[in-house]
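Reading through the structure tokens given below for one structure.
Remember, it's a predicted structure, so these values are computed and weren't measured experimentally.
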Amino acid sequence: MTTDTKKMIERIPLEVLNNGNFALLDELVATDFVDRSAQPGTSPTREGLKQSLIALKKAFPDLHYTLDDSIESGDRIVHRLTASGTMKDDFMGIPATGKRATWTEVHIGRVANGRLAEHWAVVDQLGMLVQLGIVPAPGRVPVTA
């Protein structure tokens, strides 16, 4: 993978999501793209990814991603990101809370022919849901010696 390809893939969080430029996905994501971490009920295709990202941005209109780390190896690129936003609209059947949350995400992408061809992700959804007031914070267990 070249630095140009790495920078091209970084455009997904920094331009597509931060700026709402969803048309850019057609340029950055392969037509035969497979999302191995697709949202439940969403097609694991480029169109499914686009729909999920549009829904996320609609729910969190001030959504902002910061790229904390970017590592490339062969045809893979790994991003560690911090996201934050205020939930102003429903998302995945969850009513808007009006609260702000900050969470972390790790994304792994496989690049082929200069485009994102495959994707895996781990998102701190529990942390986000607790901050939004959707689920209670897990109880603390006292430590005894």
Single-linkage hydrophobic cluster Leu81~Leu129, side-chain heavy atoms < 4.5 angstrom: yes

CA sep, side-chain torsions, deciding dist, call: Gln131, Lys99, side chain to side chain contact (heavy atoms under 4.5 Å, CB included): CA-CA 8 Å; Gln131 292 173 66; Lys99 295 181 181 178; over 6 Å; no

Minimal heavy-atom distance between Ala59 and Phe91, with the atoms involved, is CB-CB, 3.5 Å

Non-hydrogen side-chain atoms of Pro138 and Val130 separated by less than 4.5 Å: yes

For residues Ala83 and Glu105, report the shortest heavy-atom separation together with the two atoms involved. CB-OE2, 4.1 Å

Find out whether Arg46 and Arg115 are in side-chain contact, i.e. whether some heavy atom of one side chain is under 4.5 Å from a heavy atom of the other. yes

Would you say the side chain of Ile71 lies within less than 4.5 Å of the side chain of Arg80, judging by non-hydrogen atoms? no

One thing to verify: whether Arg100 and Asp62 come together as a salt bridge, which I'm taking to mean a side-chain N less than 4.0 angstrom from a carboxylate O. yes

Which atom of Glu10 lies closest to which atom of Pro13, heavy atoms considered: O-CD, 3.1 Å

How close do Ala38 and Ser43 get, counting heavy atoms only, and between which atoms? CB-O, 4.3 Å

Hydrophobic cluster identity match, Leu24 and Leu67, side-chain contacts under 4.5 Å: yes

Does atom NZ of Lys50 have more than 12 heavy-atom neighbours, drawn from other residues, nucleotides or ligands, at distances under 6.0 Å? yes

For Leu132 and Thr97, which heavy atoms make the closest approach, and how far apart are they? O-CG2, 3.2 Å

To the closest 0.5 Å, what do you measure between CG (Asn21) and CD (Glu15)? 7.0 Å

So do the side chains of Leu116 and Ile9 get within less than 4.5 Å of each other, counting heavy atoms only? yes

Within the structure provided, determine whether Ser37 and His107 are in side-chain contact (heavy-atom separation under 4.5 Å). no

Ring pair (Phe, Tyr, Trp, His ring centres under 6.0 Å) involving Phe33 - partner list, sequence neighbours excluded: none

If you look at every heavy atom in Lys6 and Ser70, which pair is closest and at what distance? CE-OG, 3.0 Å

Measuring from atom CG of Asn19 to atom NE2 of His64, what distance do you get when rounded to the nearest 0.5 angstrom? 9.0 Å

With sequence neighbours excluded, tell me which residues meet side chain to side chain donor-acceptor pair (under 3.5 Å) with Thr102. none

Met92, Val135: one ILVMFWY side-chain cluster at the under-4.5 Å cut-off? yes

With rounding to the nearest 0.5 angstrom, report the CD to CE distance, Glu27 to Met8. 8.0 Å

Inspect the surroundings of CG in Asp69 and state if more than 12 heavy atoms from other residues, nucleotides or ligands are less than 6.0 Å away. yes

The side-chain hydrogen bond (donor to acceptor under 3.5 Å, both in side chains) partner of Thr82 among Asp68, Asp124, Thr66 is Asp68

Measure the shortest side-chain to side-chain distance between His79 and Ile12 over non-hydrogen atoms and say whether it is less than 4.5 angstrom. no

Quick one: are Met87 and Ile134 in side-chain contact, heavy atoms under 4.5 Å? yes

Interatomic distance, Asp89 atom CG to Lys57 atom NZ [nearest 0.5 angstrom]: 13.5 Å

Separation of Trp120 CH2 from Asp35 CG (nearest 0.5 Å): 10.0 Å

From Glu118 CD over to Asp32 CG, what is the distance, rounded to the nearest 0.5 angstrom? 9.5 Å

Applying side chain to side chain contact (heavy atoms under 4.5 Å, CB included) between Leu49 and each of Val29, Val16, Ile54, report the one that passes. Val29

Could you state whether Ile94 and Phe60 fall into the same hydrophobic cluster, counting links through intermediate Ile, Leu, Val, Met, Phe, Trp or Tyr residues with side-chain heavy atoms under 4.5 angstrom apart? yes

Let me check something: do Leu28 and Leu56 share a hydrophobic cluster, defined by ILVMFWY side-chain heavy atoms less than 4.5 Å apart, either directly or through other members? yes

